[in-house]
Amino acid sequence: MSSIQTRRLSKRWWTGAMALVLALPVLLSGAVSAPQTVEAKAAISTKVQKVKAAGRSFTVQTVSIPKGTPVTVGLAKKQVGQTATLPSIVKAYGAQAAINGAFFEAYNGAPDPYGMLIANGKVIHIGRYGTSIGFKEDGTAIMDSLRVNLTGMVTTPEGKSRSWYATFINRTPSANASITMLYTPERGSKVGFKGGTAVVIEKGIVTKKVPNTNIAIPKNGSVLVFTGSHKSNADRFVVGSTVEMNYKYTNAAGKEIPWDEVVTAVGAGPRLVKDGKISINPASEGFKDPKILNASGARSGIAIMGDGSVLLATVSGATMKEWAAVMQKLGAKQAMNLDGGASSGMYAGGKMLTSPGRLLSNTLVFGGSVK
């Protein structure tokens, strides 16, 4: 055998022996290491799209939100009934994307929202018209004509129980109204107005019943305010009584719907697309404003796509019927209108994509550190 052949054999023996030594721990353990793969998580993305619908051509600004992206209601100054710039709301919540949300009082009186708001699994405003989009903990988005009824029981220290209900949450009552309102810490440090009888509840126990002089809201509780002819209902709430609150979720037809798992929701409307088909009837959802019924204007909308992702969209001018046709052409499985006109605003990619013409009350914020 030549010296060259000897060197080749020696090299082969050495290589094989080293491979056996390196593999020995794995062979002894009976384990085989599989290649490690890392799935790339889809990112929020923006796109300007040209859409031909309803006999016209529209330029639509869109933002695609992957399913499971963190989302919550972005409140102005983190309170219900305040206003702030869209960039300031985005910054406050550490969001990567945002769009304006529910309609609100932008001209007269307190800038309270009109639509449904749910944040961190808690109803923070009740709306009684339109359509709502909701997000579950796992990121699943759903859409329906959500209606919420708040009722409860109050039981005195002596064991006498009476029922009660509240019409709205975190909203300023109109002058001379006879109504019962619930106020939670999401309203801020105080209820925001004077008048009526206030019942302060802490950790489920009535701790105080006094005339409402813009009373403070406890961080570990809430306040019920009774005005007008409802003041007498406050008599049921004796200091020391236990208070139970129950929320019932139904659609506009009164049928119970499974929204108790929803942690984030915004209500506006009208509905634009249902199960991939144009479905629009603003009047039946309680809308009376000509700006919604037949006028053309700046629009904001949100859609649930076939793969469970969410699409945010704005357009500079469209009637509601045209807006529905546009959303369908964009591939929406479910879609609804959000507040529009001067409120229409959208942010993503580190910049304003649609700049609102006024301060905003509430938004939907996505990604980043939102919670």
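Side-chain contact, Q61 with T354: no donor N or O sits under 3.5 Å from an acceptor N or O. Side-chain atoms of R187 and T172 include a donor-acceptor pair closer than 3.5 Å. Between the side chains of S300 and N100, at least one donor N or O lies within less than 3.5 Å of an accepting N or O. Using modelled atom types and a 3.5 Å distance limit, the side chains of E285 and T131 yield a donor-acceptor pair. Remark: the S343 side chain and the R358 side chain contain an N/O donor-acceptor pair separated by less than 3.5 Å. Side-chain polar atoms of E256 and Y249 form no donor-acceptor pair below 3.5 angstrom. Looking only at atom types and distance, the side chain of K50 has no donor-acceptor partner in the side chain of S57 under 3.5 Å away. Side-chain atoms of E186 and N170 form no donor-acceptor pair, as typed in the model, at a separation below 3.5 Å.
Formation of a donor-acceptor pair under 3.5 Å by the Q79 side chain with backbone atoms of Q82 is not found in this model. In this structure, H125 contributes its side chain and G115 its backbone to a donor-acceptor pair below 3.5 Å. In this structure, T264 contributes its side chain and V73 its backbone to no donor-acceptor pair below 3.5 Å. At least one donor-acceptor pair closer than 3.5 Å links the side chain of T319 to the backbone N or O of E322. Between the side chain of Q328 and the backbone N or O of G276 there is at least one donor-acceptor pair closer than 3.5 Å. Checked by atom type and distance alone, the side chain of D144 never pairs as donor or acceptor with a backbone atom of L146 at under 3.5 Å. Between the side chain of S316 and the backbone N or O of A298 there is no donor-acceptor pair closer than 3.5 Å. Between the N120 side chain and the K122 main chain, no donor and acceptor come within less than 3.5 Å of each other. A donor-acceptor distance shorter than 3.5 angstrom exists from the side chain of T363 to the backbone of G74, with no hydrogens or angles considered.
Residues V148 and R128 approach most closely at O-NH1, 3.4 Å, considering heavy atoms. Heavy-atom minimum distance, A265 versus V262: CB-CG1, 4.0 Å. Minimum interatomic distance between S344 and T314 (heavy atoms only, all atoms of both residues): OG-CG2, 3.8 Å. Contact between A102 and A268 at its shortest, heavy atoms only, is CA-CB, 4.3 Å. Smallest separation of non-hydrogen atoms from G267 and S132: CA-OG, 3.3 Å. Here the shortest heavy-atom pairing between I65 and A97 reads CD1-CB, 3.9 Å.
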> Would I133 and I142 count as a side-chain contact (heavy atoms from CB on, under 4.5 Å) if you check the C-alpha gap in whole Å, the side-chain angles of each, and the deciding distance to 0.1 Å?
Replying inline: CA-CA 6 Å; I133 184 168; I142 58 178; over 6 Å; no
>> V243 vs F237, test: side-chain contact (heavy atoms from CB on, under 4.5 Å). Steps then yes/no.
In response: CA-CA 8 Å; V243 181; F237 294 79; 4.1 Å; yes
>> What verdict does the side-chain contact (heavy atoms from CB on, under 4.5 Å) test give for N212 and F226, after you've listed the backbone C-alpha separation in whole Å, the side-chain angles of each residue and the deciding distance to 0.1 Å?
In response: CA-CA 9 Å; N212 172 41; F226 302 83; over 6 Å; no
>> As a quick check of understanding, evaluate side-chain contact (heavy atoms from CB on, under 4.5 Å) for M245 and L182, giving each step before the final call.
In response: CA-CA 11 Å; M245 298 185 186; L182 176 72; 3.8 Å; yes
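Inter-residue side-chain proximity for T207 and I201 is flagged as unmet; no heavy-atom pair is nearer than 4.5 Å. Residues V63 and Y347 form no side-chain contact, since every pair of their non-hydrogen atoms from C-beta on lies 4.5 Å or further apart. At least one side-chain heavy atom of I169 sits under 4.5 Å from a side-chain heavy atom of L150. You'll find the side chain of M320 reaches within 4.5 Å of the side chain of I280, heavy atoms only. Contact of the N233 side chain with the K231 side chain is not registered, since no non-hydrogen atoms from C-beta on lie closer than 4.5 Å. Residues I124 and I118 have side chains not in contact (no heavy-atom distance under 4.5 Å, counting atoms from C-beta outward). Counting only heavy atoms from C-beta outward, the side chains of K136 and V263 never approach each other to under 4.5 Å. Proximity of T59 to V315: side-chain heavy atoms (C-beta onward) are nowhere separated by under 4.5 Å.
Legend: side chain to side chain donor-acceptor pair (under 3.5 Å) pairs involving residues 213-230, not counting sequence neighbours, sorted by first then second residue: S178-S229, T180-H230. Under the salt bridge (charged side-chain N to carboxylate O under 4.0 Å, His left out) criterion, no residue pair touches residues 146-169, with sequence neighbours excluded.
The cationic group of R171 does not satisfy the cation-pi geometry with Y114, failing either the under 6.0 Å distance to the six-membered ring centre or the 45° limit from the ring axis. Both tests do not hold together for K371 against Y93: distance to the six-membered ring centre under 6.0 Å, angle to the ring axis within 45°.
Ring geometry for F193 versus Y183: interplanar angle of 30 to 60°, hence tilted. Aromatic ring pairs are classed by plane angle as parallel below 30°, tilted from 30° to 60° and perpendicular above 60°; the pair F103 and Y129 is tilted.
Cluster membership for I89 and L75, using ILVMFWY side-chain heavy atoms within less than 4.5 angstrom, is shared. Hydrophobic cluster membership differs between M305 and F366, with clusters built from Ile, Leu, Val, Met, Phe, Trp and Tyr side chains linked at under 4.5 angstrom. Residues V273 and L338 fall into different hydrophobic clusters, defined by Ile, Leu, Val, Met, Phe, Trp and Tyr side chains chained together at heavy-atom separations under 4.5 Å. Residues M153 and V199 fall into different hydrophobic clusters, defined by Ile, Leu, Val, Met, Phe, Trp and Tyr side chains chained together at heavy-atom separations under 4.5 Å. In the hydrophobic clustering of ILVMFWY residues, with side-chain heavy atoms under 4.5 Å counting as a link, I292 and M336 come out apart.
Within a 6.0 Å radius of CG in N176, other residues, nucleotides and ligands contribute 12 heavy atoms or fewer. By the neighbour-count criterion of 12 heavy atoms within 6.0 Å, atom NZ of K255 is sparsely surrounded, having that number or fewer from other residues, nucleotides or ligands. For K209, the NZ atom is densely surrounded, since the number of other residues' heavy atoms within 6.0 Å is greater than 12.
Atom-to-atom distance recorded for S88:OG and K77:NZ is 8.5 Å, nearest 0.5 angstrom. We find the NZ-CG distance between K47 and L330 to be 9.5 Å, quoted to the nearest 0.5 Å. If you take CZ on R299 and CG on L272, they are separated by 9.5 Å, rounding to the nearest 0.5 Å. Residue R271 holds its CZ atom at 11.5 Å from OG of S284, rounded to the nearest 0.5 Å. Here the CE-CG distance, from M346 to L364, works out to 12.5 Å after rounding to the nearest 0.5 Å. With rounding to the nearest 0.5 angstrom, the CG atom of L224 is 11.5 Å from the CZ atom of R236.
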